[in-house]
Structures are given as structure tokens and as C-alpha cells.
There are 2 protein chains.
Amino acid sequence: MLRVTPQRQAILALINRSNVHWDAEELARELVQSGQAVGIATVYRGLSALEGAGLIASVQLGDRKRYERIDKSHHDHLVCTECGSLEEFVQPEIERLQAQVAEEKGFRMLNHQLLLFGICYACDNHDSNQDLDKGKKI
Amino acid sequence: MLRVTPQRQAILALINRSNVHWDAEELARELVQSGQAVGIATVYRGLSALEGAGLIASVQLGDRKRYERIDKSHHDHLVCTECGSLEEFVQPEIERLQAQVAEEKGFRMLNHQLLLFGICYACDNHDSNQDLDKGKKI
DNA sequence: ATGCTAATGATAGTCATTATCACTATCAGT
DNA sequence: ACTGATAGTGATAATGACTATCATTAGCAT
């Protein structure tokens, strides 16, 4: 049922090629620049389909949804509210405790999302830099 | 600067009166029914102001933001993707490990959000009930 | 009581995402 | 390879949650 199209291949390739956390608009812009423009609606549908197929993963950040490549290992995110950057981390013990909580509550956990909001090292140590004020807030 | 108005008192009272996780629309509807109608824009501003003042808390769920009363203790949420219900839980060890991760990364954590998505006990054991299909998906 | 200014509320606007729809492309079965 | 069923595309309209605007109202510091 899920068809392989040039548009989806382009989207998938771009996401798998880097550690960037893309949102639909950024991805569409990048595809235009690389000469393989894809309609914005198709980008949204493609991202949704690829996520459904387990080929990419997503992080819901406020009103925006960002997509990233799939790692071998699940990870969570540190979100800098100054510059919008996402940093990844892995903490197996947290994962284990989450599963344990769900188990205790009779809750069949399918998924989870852990976001730590705050100021990243770079922003915390260079906040005299006025340029950073232009960074997107979350 | 933050003024006390009947509208905000009504909003605060409603949220503090129950364990319900309200969103702006639901709250506005409830206020209309209780005879103290408040403009939808005022509800949004009131919720934001009350959260800023530390009188209520919020959980960002997909595209919607829900508000809840402040407990003595921080808690996280189990989100049922079948019926949309929110269940709360506390796991101090997870909290501690989060702080430790941030510390190690040189990240100044200000806040966090942990959501466990899945099927709650009620939905998991009564999914033959067709009515549940009408439940709002997250 | 008075005035400064925050708050209200009706409504218009914003913005990310989804639906629509005519058309195109994939792919399974011949 | 041909072809039909149907999934995908893309331009654009629609949706829906939230925010801005602005004239008017109302806390609250003095």
C-alpha cells in the first residue's frame, strides 16, 4: 500500500543524511534548493507516511513537529529555549523506570516523549552575544 | 501588575476545584454553563497569566494545551490515545536522573515534560465497546 | 475619588497542518 | 509491456488553536 515515490525518497534521503531535526517547511525549502522541489502538502503526507512506516521518527515541540532519522537506540531530547537547538541523550535507566510505572498502572505504553527544557551550554556561556537574541524561541 | 478579575477568579476556581485537565475551549464552555461566561480571548489570556503567576500548570499535548491545578508535588502524565484521558504519576528517581543528565551535558534545565502514550487500563479491557471509538485521539 | 493602565471581549489575523480535487504515477495481475 | 485499481501529487481552500487589535471597562495605587 505504501508506495515508493521520488518525493518520498528525496525526503527520506535528506533526513537520513544528517542529524538535523527538520520540520515540514524547512524540509520543503531545502528540497527546493537542491532542485527537487516537492509540494508542501506532499511533504506533510510524506513525513507522516514515513513515520508510520517506522523509517523516521518525530518530536512534537510546542506547535511544531520535527522529524529525525531513526537510530539504533531510542533517545530523548534537551531543548534549548534560547536558540531552539535539540540535543539528544540516552538514559536506559529512565526508560526502564517508565516501563515500570506504566506496568504498575495497568497502562499499555506504546510510546513516550521526554523533553528537558532549558538553556544549552553554548547559550548559557555566550548570552552577551546579541545575535543569539534572533534565535527562535520554542 | 497582575490584576484580580472575576473572570480569572472563575477560571482559577474551576481548575482548582477538580482534577480535570482543561483546555481553553472546554473551560469557556463550562463557564458559560455555570452562568459566568468569559470571552474566549480572555480565557486564553487568563490561563496564560495564571500559569505565569505559578497558580496553575500546563501540559502540552499535540496541538492542544491543557491546564491543571498545582499540586504540592510535580508529576508526569500517562496519556491514553484511545479516550484522551490523562493519568498522573510521580517517580522521583526519574526526576533525579533527568537532572543528572542535564548536569552532565552542561545544560541548565528549567523545566521538563514526560508523556507516556498508550492505552489506559479501562480502554484496554473494554475495547469491544463501540462507543469508545468516538473518543478523541491525541 | 481619581487616574493610570491592565483587562475585557468581539473579531480579525496568523500559522501549522489537513482536506479537497483533478490529475498523475506506481504496481499487481494479466 | 499493457492496464486498471488505487495511492500519490500539488495547488489551493479549509480548519483549528491561538494571538493581535482596539475601543471600552474596571482594578488598584495614590
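Chain naming here is simple, since letters A, B, ... match the order of the sequence lines and numbering starts at 1 in each.
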Could you tell me which residues satisfy salt bridge (charged side-chain N to carboxylate O under 4.0 Å, His left out) with A/Glu93, sequence neighbours excluded, listed by chain and number? A/Arg96
Run the salt bridge (charged side-chain N to carboxylate O under 4.0 Å, His left out) test against A/Arg29 and tell me which residues pass, sequence neighbours left out. none
Residues two or more places apart in sequence or in another chain: which of them pass ring pair (Phe, Tyr, Trp, His ring centres under 6.0 Å) with A/His77? A/His21, A/His75
Can you check nucleotides 12-16 of chain C for protein contacts, nitrogen or oxygen pairs under 3.5 Å, and list what you find?
{"residue": "C/dA16", "atom": "OP1", "partner": "A/Arg64", "partner atom": "NH2", "Å": "2.9"}
{"residue": "C/dA16", "atom": "O3'", "partner": "A/Asp63", "partner atom": "O", "Å": "3.3"}

Between the protein and nucleotides 21-25 of chain C, are there any N/O to N/O pairs under 3.5 Å, and if so, what are the atom names and distances?
none

Give the rounded distance in Å between these two atoms: CG of A/Asp23 and P of C/dT17. 7 Å
Separation of B/Leu47 atom CG from C/dA7 atom P, in whole Å? 14 Å
Report the C-alpha separation of B/Val4 and B/Gln9 in whole Å, then their side-chain angles, then the decisive distance to 0.1 Å, and conclude whether the side chain to side chain contact (heavy atoms under 4.5 Å, CB included) test is met. CA-CA 7 Å; B/Val4 178; B/Gln9 288 178 312; 3.4 Å; yes
Any B/Leu27 side-chain heavy atom under 4.5 Å of B/Ile15 side chain: yes
For A/Leu97, the rest of its hydrophobic cluster, which grows through side-chain links under 4.5 angstrom: A/Leu78, A/Phe89, A/Ile94, A/Val101, A/Phe107, A/Met109, A/Leu114, A/Leu116, B/Leu78, B/Phe89, B/Ile94, B/Leu97, B/Val101, B/Phe107, B/Met109, B/Leu114, B/Leu116
Determine: side-chain N/O of [X] to OP1/OP2 of [N], distance under 4.0 Å, yes or no.
X: B/Arg8; N: C/dT8; result: yes
X: A/Gln7; N: D/dG10; result: yes
X: B/Thr42; N: C/dG9; result: yes

Name the one of B/Ile56, B/Val20, B/Asp23 that satisfies side-chain contact (heavy atoms from CB on, under 4.5 Å) with B/Tyr67? B/Ile56
Partners meeting side-chain hydrogen bond (donor to acceptor under 3.5 Å, both in side chains) with B/Glu51 (sequence neighbours left out): B/Ser58
Under a 4.0 Å heavy-atom cutoff, the residues of residues 27-38 of chain A touching DNA chain C are none
If you look only at pairs with a residue in [range], which of them pass as a salt bridge (charged side-chain N to carboxylate O under 4.0 Å, His left out), with sequence neighbours excluded?
range: residues 1-13 of chain A; value: none
range: residues 31-42 of chain B; value: none
range: residues 35-47 of chain B; value: none

Look only at the side chain of B/Gln113 and the backbone of B/Gln60, and say whether a donor-acceptor pair between them is shorter than 3.5 Å. yes
Quick note, A/Leu2 side chain, CB onward, closest among D/dG8, D/dA11, C/dT11 is D/dG8
Students should find that the end-to-end axis angle of the helix from C/dA1-D/dT30 to C/dT30-D/dA1, with five pairs defining each axis and rounding to 10 degrees, is 40°
Looking at A/Glu103, I'd like to know if its CD atom is crowded, meaning that more than 12 non-hydrogen atoms belonging to other residues, nucleotides or ligands lie closer than 6.0 Å. no
Toward the 5' end of DNA chain D, by each residue's nearest nucleotide, A/Ala49 or A/Ala41: A/Ala49
